[in-house]
Visitor: 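The following block contains the structure, expressed as structure tokens.
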Amino acid sequence: QFNDWLCYRVPPGPEFIPFYTIINFNKGTMLLYLFALICYFQNFSLGAWVYLGLHDNYGLVWLIKDLTFSDAGFCRKATFVSAILVPQLVLTPYYFIGYWMISGGEVQRNQSASQL
């Protein structure tokens, strides 16, 4: 019951945005976000590119999966507050992990073979 309320019905307002839109936006924009971090921090290390590639491929496969056979559970509509709250609690930490990894110091930029 709580999960249903949190994901779809946190007041105020009507349920108007499909939940899959929230998830697809997060997974689809991760590539742009990580690439912007790589450019901003000038971190063109192997680790940064591998992390970008992993998230890029996962996001692409997720979007293809959603277009070909979407999950009926994600087709429910959510209120505006639920659409903002759920990504903040569940999906935003993925952005922080990318920031932490790419903004790291020289240790993460110049990794030795044993660290990879």
Visitor: Indicate the atoms forming the closest heavy-atom contact of P18 with C75, along with that distance.
Guide: CB-O, 4.3 Å
Visitor: For Y20, enumerate each residue passing the ring pair (Phe, Tyr, Trp, His ring centres under 6.0 Å) test, keeping only those at least two apart in sequence or located in another chain.
Guide: none
Visitor: Go through the structure and list residues passing side-chain hydrogen bond (donor to acceptor under 3.5 Å, both in side chains) with T29, not counting sequence neighbours.
Guide: Y95
Visitor: Measure the CE-CG distance between M30 and L37 for me, rounded to the nearest 0.5 Å.
Guide: 9.5 Å
Visitor: Give the C-alpha distance, both sets of side-chain angles, the deciding distance and a yes or no for side chain to side chain contact (heavy atoms under 4.5 Å, CB included) between F19 and K77.
Guide: CA-CA 6 Å; F19 198 69; K77 293 184 177 181; over 6 Å; no
Visitor: Measuring from atom CD1 of I22 to atom CG of L91, what distance do you get when rounded to the nearest 0.5 angstrom?
Guide: 8.5 Å
Visitor: Could you give the distance from OH (Y33) to CG (N26), rounded to the nearest 0.5 Å?
Guide: 11.0 Å
Visitor: Check whether L46 and L54 end up in the same hydrophobic cluster, where Ile, Leu, Val, Met, Phe, Trp and Tyr are linked by side-chain heavy atoms less than 4.5 Å apart.
Guide: yes
Visitor: Heavy-atom count around Y8 OH within 6.0 Å, excluding the residue itself: above 12?
Guide: yes
Visitor: Say you draw a straight line from CE of M101 to CZ of F41; how long is it, rounded to the nearest 0.5 Å?
Guide: 12.5 Å
Visitor: Once salt bridge (Lys or Arg N to Asp or Glu O under 4.0 Å) is applied, what residue pairs with a partner in residues 14-32 remain, sequence neighbours excluded?
Guide: none
Visitor: Can you tell me if F96 has over 12 outside heavy atoms packed within less than 6.0 Å of its CZ?
Guide: no
Visitor: Using links of under 4.5 Å between side-chain heavy atoms of ILVMFWY residues, direct or through other members, which residues join F69 in one cluster?
Guide: none
Visitor: Excluding sequence neighbours, so at least two apart, what forms side-chain contact (heavy atoms from CB on, under 4.5 Å) with L52?
Guide: L31, L34, F35, I38, W49
Visitor: Hydrophobic cluster membership, with links at side-chain heavy-atom distances under 4.5 Å among I/L/V/M/F/W/Y: are I23 and F25 in one?
Guide: no
Visitor: Which pairs count as salt bridge (Lys or Arg N to Asp or Glu O under 4.0 Å) when at least one residue sits in residues 3-13, sequence neighbours excluded?
Guide: D4-R9, D4-R76
Visitor: Starting at CG of L85, measure out to OG1 of T79 and round the result to the nearest 0.5 Å.
Guide: 8.5 Å
Visitor: Who are the side-chain contact (heavy atoms from CB on, under 4.5 Å) partners of L32, not counting sequence neighbours?
Guide: none
Visitor: Working to the nearest 0.5 Å, report the span between CG of N43 and OG of S103.
Guide: 8.5 Å
Visitor: Donor-acceptor pairs under 3.5 angstrom involving side-chain atoms of residues 61-68: please list them, not counting sequence neighbours.
Guide:
unit_1	atom_1	unit_2	atom_2	d
W62	NE1	N24	OD1	3.0
D66	OD2	N24	ND2	2.7
T68	OG1	I64	O	2.9
T68	OG1	K65	O	3.2

Visitor: With a 4.5 Å heavy-atom cut-off, do P12 and V81 have their side chains touching?
Guide: yes
Visitor: Please list, chain by chain and in numerical order, all residues satisfying side-chain hydrogen bond (donor to acceptor under 3.5 Å, both in side chains) with Y51, sequence neighbours excluded.
Guide: H55
Visitor: Please walk me through it: do V10 and W5 pass side chain to side chain contact (heavy atoms under 4.5 Å, CB included)?
Guide: CA-CA 6 Å; V10 175; W5 176 81; 4.0 Å; yes
Visitor: Could you give all pairs that pass the side-chain hydrogen bond (donor to acceptor under 3.5 Å, both in side chains) test and reach residues 84-93, with sequence neighbours left out?
Guide: none
